[in-house]
Amino acid sequence: QVQLVESGGGLVQAGGSLRLSCAASGRTFSNYAMGWFRQSPGKEREFVATISRSGGSTYYADSVKGRFTISRDNAKNTVYLQMNSLKPEDTAVYYCAAAKLIIDSRRSDEYDYWGQGTQVTVSP
């Protein structure tokens, strides 16, 4: 089992920044690829970003590319999502997820463990 706990969400004005953190416990963190997803009311959960086990490879949704940065610190068992130039359409609950084996990192069903989510609200 892997337990994931997100933090860092909140209310920010458009153009502002937030940094989300996801602390992992349980199994060896570096054995898992990590992803961030988000879900807003009435919409399906959507892929945001993913990072490989070593941190050497990252991939982003087109909607956040150039504004968001995913990173990880395997010594601290933590994955981060730095969000800059936030827009109202970024408003959602953000979830981190862990995957032991992954083929398509954009698919939520490829992830084995999920956090409880943290709310991000961007005001106009």
How long is the gap from [atom1] on [X] to [atom2] on [Y], to the nearest 0.5 Å?
X	Y	atom1	atom2	value
Ser7	Tyr80	OG	OH	9.0 Å
Asn77	Ser30	CG	OG	8.0 Å
Arg107	Thr50	CZ	OG1	14.0 Å

Indicate, with yes or no, if [Y] and [X] share a hydrophobic cluster defined by side-chain heavy-atom contacts under 4.5 Å among Ile, Leu, Val, Met, Phe, Trp and Tyr.
X	Y	value
Tyr59	Ile102	yes
Met34	Trp114	no
Val93	Val64	no
Val120	Phe47	no
Met83	Ile51	yes

>> Quick check on Arg106: does its CZ atom have over 12 non-hydrogen neighbours (other residues, nucleotides or ligands) under 6.0 Å away?
In response: no
> Hey, is NZ on Lys43 packed in by over 12 heavy atoms from elsewhere, all under 6.0 Å?
Replying inline: no
Examine distances only and state if a side-chain atom of [X] and a backbone atom of [Y] form a donor-acceptor pair shorter than 3.5 Å.
X	Y	answer
Arg67	Ser85	yes
Arg45	Tyr95	no
Tyr111	Ser105	yes
Tyr60	Ile70	yes
Glu110	Ile103	yes
Arg19	Gln82	no
Asn74	Thr28	no
Thr91	Val122	yes

> Does the pair Lys87 and Asp90 meet the rule for a salt bridge (Lys or Arg N to Asp or Glu O under 4.0 Å), with working shown?
Replying inline: CA-CA 5 Å; Lys87 304 175 181 179; Asp90 294 318; over 6 Å; no
Shortest non-hydrogen contact from [X] to [Y]?
X	Y	result
Thr78	Ser21	CG2-CB, 4.3 Å
Leu18	Gly8	CD2-O, 3.8 Å
Ala24	Val2	CB-CG1, 4.4 Å
Ser17	Asn84	OG-OD1, 2.9 Å
Ala49	Leu81	CB-CD1, 4.3 Å
Trp36	Leu20	CH2-CB, 3.7 Å

> For the residue pair Phe68 and Tyr94, does the interplanar ring angle fall in the parallel (under 30°), tilted (30 to 60°) or perpendicular (over 60°) class?
Replying inline: tilted
> Out of Glu46, Glu89, Glu6, which one pairs with Arg38 under the salt bridge (charged side-chain N to carboxylate O under 4.0 Å, His left out) rule?
Replying inline: Glu46
